[in-house]
Amino acid sequence: MAKVILPGGEVREARGLTFLELLGPNAKEAAAALVNGEIRDLREEVPEEGEARILTLSDPQALEVLRHTAAHILAHAVLRLFPGTKLAIGPAIADGFYYDFRFESPITHEDLARIEEEMRRIVAEDLPLERVWLPRTEAERLLQEKGEVYKLELLEEIPGEKISFYRQGEFLDLCRGPHLPSTGLVRHFKLLDLAGAYWRGDPHRDMLTRIYGTAFATAQELESFLRWREEARRRDHRVLGPSLDLFSIQNETVGAGLVLWHPKGARIRRIIEDFWVAEHYKAGYKLVYTPHIGRSRLWQISGHLDFYRESMYAPIVIEDQEFFLKPMNCPFHISIYKTKTRSYRELPIRYCELGTVYRFERSGVLHGLLRVRGFTQDDAHIICRPDQVEEEIKRVLRFALHILRAFGFTEFTAYLSTRPEKYIGNPEDWERATEALRRAAEEEGLSYEVKAGEGAFYGPKIDLEVQDSLKRPWQLTTIQFDFNLPERFDMTFIGPDGREHRPYMIHRALLGSLERFFGILIEHYGGAFPVWLAPVQAVVLPVSEKDIPYAEEVAEKLRAEGIRAEAWTREGKTLRWLVREAQLQKIPYILVCGAREAAEGKAALRLRTSENLGPQPLPEIIARIRAADSSRSTAL
RNA sequence: GCCAGUGUAGCUCAAGGGGUAGAGCAUCCGCCUUGUAAGCGGAGGGUUGCCCGUUCGAGUCGGGCCACUGGCUCCA
């Protein structure tokens with residue numbers, strides 16, 4: 001006899017019944033059953049023995065089932081509205097679900113509303129979802145009859161003779177399940193997007209139409225998800241960038257994927273760079289500068305021309321010599337290393353550079369600041385002895401976390417990518433490097449995931465992913481071993497034994513690229529930068545034109561204290577207008593100066609949060625702003 | 001690169017199923033002298049992404065290109 005734990009905690013014993021029968025009229029919110037850690041249909045029979053737990057809709061584990069069923073409802077609705085549409089796959093994903101279709105003629109966003117309406121009808125019909133097992137031959141015949149070419153392909157890969165289908169009303173779909181017992185339980189869902197997707201992610205195969213949607217157990221969860229989505233849209237750096245006058249990208253004239261940093265964006269970048277450089281010097285790095293182009297010989301040695309050429313800009317020919325825009329900084333850093341014979345005593349050498357590189361990215365993948373063609377890597381190459389590897393890796397990782405925390409990131413996940421099938425170098429080096437990465441992650445208390453075989457051919461790596469204020473993941477830091485370039489460039493150092501040895505080389509970028517990182521920062525802070533990064537920290541507003549001289553005096557005093565302050569003295573603008581403008585610019589401090597303040601050497605302080613603190617003595621305001629600046633916190 | 005959608009003033013958007021482009025904000029010029037999220041009036045601003053075609057006539061219809069958006073793919 002199996003024990004079945006009901007949602008309320010009550011335990012029942014049963015035999016020969018399905019879960020649904022066991023539950024009877026109490027089945028209302030029941031979604032699935034958890035049997036030995038596996039999620040099963042409620043229409044299945046209670047197992048002979050062991051333990052089972054009934055999951056309700058509000059169980060996190062049931063969410064995937066709910067969404068998978070929602071995907072079926074989507075496909076069902078599509079087939080009702082667009083007969084002849086071919087079905088591909090329809091899984092649950094992190095934020096919802098999708099289904100891939102091949103429509104006979106294109107559909108548009110307007111069709112989504114119709115499809116959603118039809119889905120609601122299917123939900124209202126409360127159709128039972130029943131599992132149907134068909135013998136392989138019959139399954140094949142059935143799918144052939146329907147012309148479901150994609151399903152037939154999937155079928156080929158399914159082992160066994162009994163093939164699982166699910167039926168709801170007139171809709172029957174090849175599917176491994178599990179599913180909710182009935183369509184009526186999918187109450188809170190919404191279709192979100194329409195996109196193209198290749199069949200099996202292969203660009204040589206059919207392009208399908210993917211419909212994205214999401215579903216939740218409760219209306220509140222759906223609503224808060226949609227609000228979150230709306231908030232993310234509002235924070236889009238491509239919207240905030242121009243409206244805060246931070247940067248622009250002008251593809252018709254300047255070029256796609258090439259970023260113009262406006263004065264305010266440049267101010268922020270400079271602060272980031274100054275911080276970055278200062279911290280690197282403190283951490284024992286040596287800053288270098290290298291050119292934007294290099295002769296083809298260099299890129300031949302590095303192998304870029306052989307393996308990376310399609311991502312490089314076409315050569316520039318001068319005096320019969322070919323030069324290439326650099327896609328990476330490493331060959332230059334290595335060239336500096338090689339200017340003389342290096343002793344083991346010199347190592348480790350840590351070269352760092354904010355190096356601007358150019359890579360040809362296909363136009364379809366360009367995306368604001370996040371995916372561009374010209375960008376500045378916060379790059380470094382660490383060249384060290386084998387016995388220093390572990391210590392160096394720990395240092396880099398610790399350093400990376402230190403830098404990222406300064407920018408307000410507190411949640412990290414590490415991904416350790418290990419040796420792929422095709423690799424270069426010897427397995428012992430790989431082993432040593434991989435273990436160093438692993439131990440460093442463990443020592444820093446990072447939760448990490450191993451991506452087996454996902455390393456580049458030239459070395460293992462560890463990537464750090466941060467979560468922004470909206471809990472969205474961004475991969476920033478990458479720390480990567482390279483067993484290839486030291487070979488290619490024949491990098492050596494003289495050991496204590498007087499012989500030449502091959503050093504280890506580690507590539508690393510902490511922020512990734514300044515462009516991408518800036519885009520992420522804009523979204524992370526929603527444009528409201530903490531004081532230390534704010535391009536304008538304080539704005540001084542005169543109440544009327546008579547107060548302009550005092551406003552200018554106040555701004556001057558703040559600037560003398562190293563505060564980035566401006567007096568806004570435009571004629572013909574009311575205080576109301578100026579305050580609104582300052583708020584929209586998300587300037588942290590607004591200092592209102594009128595006759596009353598001038599008389600007492602004060603300014604009325606209003607914060608970006610709209611909090612109005614009234615007149616304050618200037619020294620107090622200055623101290624407050626300076627404290628907020630040096631703390632690097634978001635507090636005002 | 002691929003699929004779908006979109007492209008009108010600096011920005012956000014209008015112009016019934018072809019009839020010769022309009023509003024708000026911004027800009028400029030005045031007036032107002034302002035006390036914490038838009039004071040008032042006026043003016044300028046467009047080869048409707050580009051090219052070709054259909055038509056008496058194209059922002060609107062057709063074809064090609066370009067760009068962007070959402071994805072997919074790529075990221076030695």
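Convention: sequence-line order gives letters A, B, ...; per-chain numbering from 1.
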Considering only rC72(B), rA37(B), rG35(B), which nucleotide approaches the side chain of Leu575(A) most closely?
rG35(B)
Tyr99(A) vs Phe101(A) aromatic rings, parallel, tilted or perpendicular, using cut-offs 30° and 60°?
parallel
Could you tell me whether Ala256(A) contacts a base, only the sugar-phosphate backbone, or nothing, with contacts defined as non-hydrogen atoms closer than 4.0 Å?
sugar-phosphate
Is Arg309(A) touching bases, backbone alone, or none of the nucleic acid, heavy atoms closer than 4.0 Å?
nothing
Whole-Å gap separating P (rC75(B)) and CG (Asp463(A)):
15 Å
Is Thr574(A) near enough to rG39(B) that one of its side-chain N or O atoms lies under 4.0 angstrom from OP1 or OP2?
yes
If you measure from the P atom in rU47(B) to the same atom in rU8(B), how many Å do you get, rounded?
13 Å
Please lay out, stage by stage, how Ile334(A) and Met491(A) fare under the test side-chain contact (heavy atoms from CB on, under 4.5 Å).
CA-CA 8 Å; Ile334(A) 293 169; Met491(A) 295 169 76; 3.6 Å; yes
Spacing of the P atoms in rC3(B) and rG63(B) (rounded, Å)
15 Å
Among rG35(B), rG70(B), rU34(B), the one nearest Lys546(A) by side-chain distance
rU34(B)
Taking rG35(B), rA76(B), rA37(B) as options, the one with an atom nearest any side-chain atom of Met328(A) is rA76(B)
What's the closest nucleotide to the Tyr198(A) side chain, out of rC2(B), rA37(B), rU36(B)?
rC2(B)
Do Phe518(A) and Trp261(A) pass the ring-ring contact (aromatic ring centres under 6.0 Å, His included) test, and can you show the C-alpha distance, the side-chain angles, and the key distance before you say yes or no?
CA-CA 11 Å; Phe518(A) 187 39; Trp261(A) 295 71; 5.0 Å; yes
Rounded to whole Å, the CZ-P distance (Arg205(A) to rC2(B)) equals 19 Å
Rounded off to whole Å, could you give me the NZ-to-C1' distance for the Lys461(A) and rC75(B) pair?
9 Å
So if I take every side-chain heavy atom of Val365(A) and compare against rC72(B), rU69(B), rA37(B), which nucleotide ends up nearest?
rC72(B)
Could you tell me whether Asp193(A) contacts a base, only the sugar-phosphate backbone, or nothing, with contacts defined as non-hydrogen atoms closer than 4.0 Å?
sugar-phosphate
Distance check needed: rC32(B) P versus Leu578(A) CG, whole Å only.
19 Å
Taking the C1' atom of each, how far is rG30(B) from rG70(B), in whole Å?
47 Å
Lys/Arg cation over aromatic Phe457(A): Lys422(A), 6.0 Å, 45° cone:
no
Picking from rA37(B), rC72(B), rU33(B), the nucleotide nearest the side-chain atoms of Ser544(A) would be rU33(B)
Expressed as a whole number of Å, how far does the C1' atom of rU12(B) sit from that of rA26(B)?
11 Å
Just checking Asp306(A): base, sugar-phosphate only, or nothing, at a heavy-atom cut-off of under 4.0 Å?
nothing
With a 4.0 Å cutoff (strictly under), does any side-chain N or O of Arg606(A) reach OP1 or OP2 of rG35(B)?
no
Ion pair Lys451(A)/Asp463(A), N-O distance below 4.0 Å
no
Assign Arg570(A) to base, sugar-phosphate, or nothing according to its heavy-atom contacts below 4.0 angstrom with the strands shown.
sugar-phosphate
NA contact type, Thr478(A), heavy-atom cut-off 4.0 Å: base, sugar-phosphate, or nothing?
nothing
Candidates rU36(B), rG70(B), rA76(B) - which lies nearest the side chain of Leu485(A):
rA76(B)
Can you tell if the side chain of Asp206(A) reaches within under 4.5 Å of the side chain of Tyr198(A), non-hydrogen atoms only?
no
Determine the contact category for Arg371(A): base if any of its heavy atoms lies under 4.0 Å from a base atom, sugar-phosphate if only primed atoms, P, OP1 or OP2 are that close, otherwise nothing.
base
Closest to the Glu597(A) side chain: rA76(B), rG35(B), rA26(B)?
rG35(B)
Parallel, tilted or perpendicular: rings of Phe481(A) and Phe483(A) (30°, 60°):
parallel
Heavy-atom nearest nucleotide on RNA chain B for Tyr308(A) versus Asp236(A): which residue maps closer to 5'?
Asp236(A)
Counting any heavy atom closer than 4.0 Å, what does Tyr458(A) reach on the DNA or RNA strands: base, sugar-phosphate only, or nothing?
base
For rC68(B), take OP1 and OP2 only and decide whether either is under 4.0 Å from a side-chain N or O of His367(A).
no
Ignoring backbone atoms, establish whether Trp577(A) has a side-chain N or O less than 4.0 Å from OP1 or OP2 of rU33(B).
no
Leu541(A) near the nucleic acid: base, sugar-phosphate alone, or nothing, with a heavy-atom cut-off under 4.0 Å?
nothing
In whole Å, measure the gap between the P atoms of rC50(B) and rA58(B) for me.
15 Å
Distance, nearest 0.5 Å, that separates OG1 of Thr290(A) from CG of Asn329(A):
5.0 Å
OP1, OP2 of rU36(B) versus side-chain N and O of Arg580(A): anything below 4.0 Å?
no
Distance between the C1' atoms of rA38(B) and rC11(B), in whole angstroms?
16 Å
How many whole angstroms separate atom CD1 of Ile211(A) from atom C1' of rA4(B)?
11 Å
In whole angstroms, the gap separating C1' of rA26(B) from CD of Glu581(A) amounts to 10 Å
Say you pick atom P in rG22(B) and the same atom in rC29(B); how far apart are they, in whole Å?
26 Å
What base-paired stems does RNA chain B take part in, with at least 3 consecutive Watson-Crick or G-U wobble pairs and both distances under 3.5 Å?
B:1-7 with B:66-72, B:10-13 with B:22-25, B:27-31 with B:39-43, B:49-53 with B:61-65
Could you tell me if Arg67(A) sits above the aromatic ring of Phe216(A), with its cationic atom closer than 6.0 Å to the ring centre and no more than 45 degrees from the axis?
yes
Write down the distance separating the C1' atoms in rC66(B) and rC25(B), rounded off to the nearest Å.
29 Å
Distance check needed: rC75(B) C1' versus Arg373(A) CZ, whole Å only.
14 Å
Look up atom OG in Ser296(A) and atom CG in Leu305(A), then write down how far apart they are to the nearest 0.5 Å.
6.5 Å
For rC2(B), does either OP1 or OP2 sit under 4.0 Å from a side-chain N or O belonging to Arg210(A)?
no
Ring geometry between Tyr358(A) and His292(A) (parallel below 30°, tilted from 30 to 60°, perpendicular above 60°):
tilted
Between P of rA67(B) and CG of Leu258(A), the distance in whole Å
13 Å
Toward the 5' end of RNA chain B, which comes first, Phe360(A) or Phe307(A), by nearest nucleotide?
Phe360(A)
